[in-house]
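Here is the structure we will look at, set down as structure tokens.
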Amino acid sequence: MPDPVVTPEAILKDQVRMTLDDHFTFHCGPNQDCFTGCCHDVSIVLTPYDILRLKKALRVDSTEFLEKHTLPIFGAQQKFPLTILRMDPETKKCPFVTAQGCQVYADRPWACRMYPLGVAKPKNPTPTDQPFYFVLHEDLCHGHGQGKTRTVREWIAEQGIEEYEMMGASFQELALHDFWNREPALTPQQAEMFYMACYDLDRFRRFVFESRFLELFEIDEARVEALRSDDEELLEFGLLWLRFSLFGEKTMKIRREVVEARKQAPSQGAATVAPGSAV
Ligand code: SF4
Ligand code: SF4
């Protein structure tokens, strides 16, 4: 199954553009002769919330999950690090597919939920720009034209996609930020910060609580407590920290005493706290 977020408009010139209220007819299930055929040799980009859900479902630490089940991608084509689901190197199958179906169905990634729908979003959207949808037709998938006819909106509700979109909104804002048009590339340290805060949440938590992070930033007690155990809260917080550190936005507040100390000894460096920095 291809990545259903398609950005270059050129790819879409032959696709029928659909709104949330347009209909399509599709059926997927164990009675299809193609059942699980789409869970083989696919490139699935994982969002931060996908990783959060999968590592919780598998009851493993994010670091372990990333090492076992993902491949990082950060080349000349990407402005920031991405992760894809690692297929079995020999069989090319998704690590979670069984003869009975998806082993992590309740927590399957956003891309798996969307399929066969794709969504396209303008690269530099204006406030009135809406995403549009299209149906991906691939020879391997025999579900088209079968079963129920429903609207795109109904599919999104049935597949539990709303929650993923809600949790993914802050990441999407970060990913579409104008910063990426202005800056040529992240430094290795910035890329490491990005990867940790977005994907390796348990390591980010250790970083927050085991470095001087909390001595430098003013964060209210209730939030600090939530960050200890609430992954969703930690993910949102990590994205604010990235906006502060990478984009220079005032999403975090440095403690007054730290600012004063820095004024006395400016050679101590910037207030950005990053993994590997002297914190
Ligand atoms: S996560 Fe589940 S639905 Fe997605 S490719 Fe793997 S087995 Fe298939
Ligand atoms: S119908 Fe399509 S989506 Fe469903 S199992 Fe077959 S190939 Fe996969």
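Whatever order the structure lists ligands and atoms in, that order sets their numbers, starting from 1.
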| said: Under the criterion side chain to side chain donor-acceptor pair (under 3.5 Å), I'd like the reasoning laid out for N181 against H177: C-alpha separation, chi angles, the key distance, then a yes or no. | reply: CA-CA 8 Å; N181 298 325; H177 198 281; over 6 Å; no

| Passes side chain to side chain donor-acceptor pair (under 3.5 Å), Q100 versus Y105? Steps please. | CA-CA 11 Å; Q100 289 71 44; Y105 189 79; over 6 Å; no

| query | Checking side chain to side chain donor-acceptor pair (under 3.5 Å) for the pair T25/T149: CA distance, chi angles, key distance, verdict? | reply | CA-CA 4 Å; T25 305; T149 297; 2.6 Å; yes

| request: Could you walk me through whether Q159 and Y164 pass side chain to side chain donor-acceptor pair (under 3.5 Å), step by step? | output: CA-CA 10 Å; Q159 300 297 318; Y164 279 68; over 6 Å; no

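Within ligand 1, counting atoms from 1 as listed, the ones closer than 4.0 Å to a heavy atom of P109 are 1 (S). The atoms of ligand 1 that sit less than 4.0 Å from any heavy atom of F96 are 7 (S). Which parts of ligand 2 touch C38 is read off a 4.0 Å heavy-atom cut-off, strictly below it: atoms 3 (S), 5 (S), 7 (S), 8 (Fe). Within ligand 1, counting atoms from 1 as listed, the ones closer than 4.0 Å to a heavy atom of V97 are 7 (S). Within the listing of ligand 1, atoms 1 (S), 5 (S), 6 (Fe), 7 (S) sit less than 4.0 angstrom from a heavy atom of C94. Residue-ligand proximity, T36 to ligand 2, at heavy-atom distances under 4.0 Å covers atoms 5 (S). Contact atoms of ligand 2 toward F35: 5 (S) (distance under 4.0 Å to a heavy atom of the residue). Distances below 4.0 Å separate heavy atoms of Y115 from the following atoms of ligand 2: 3 (S). Counting atoms of ligand 2 from 1 in the listed order, those under 4.0 Å from a heavy atom of L140 are 7 (S).
A donor-acceptor contact shorter than 3.5 Å links the side chain of H40 to the backbone of T91. A donor-acceptor pair is defined here as one N or O able to donate and one able to accept, closer than 3.5 Å; such a pair exists between the side chain of W155 and the backbone of M114.
Across all their heavy atoms, D231 and L201 have their closest contact at O-CD1, 3.6 Å.
Considering each of C34, G147, P30, the one bringing a non-hydrogen atom nearest atom 6 (Fe) of ligand 2 is C34. Residue nearest to atom 3 (S) of ligand 1, selected from C112, G101, A111, C28: C112 (by heavy-atom distance).
Not a single N/O/S atom of H142, whether from backbone or side chain, sits less than 2.8 Å from atom 6 (Fe) of ligand 2. Among the backbone and side-chain atoms of C141, an N, O or S atom lies under 2.8 Å from atom 2 (Fe) of ligand 2.
D21 meets the side-chain contact (heavy atoms from CB on, under 4.5 Å) test with T19, R153; sequence neighbours excluded.
Separation of the F194 and W241 ring centroids does not fall under the 6.0 Å cut-off.
Using a 4.0 angstrom heavy-atom cutoff, I44 counts as in contact with ligand 1.
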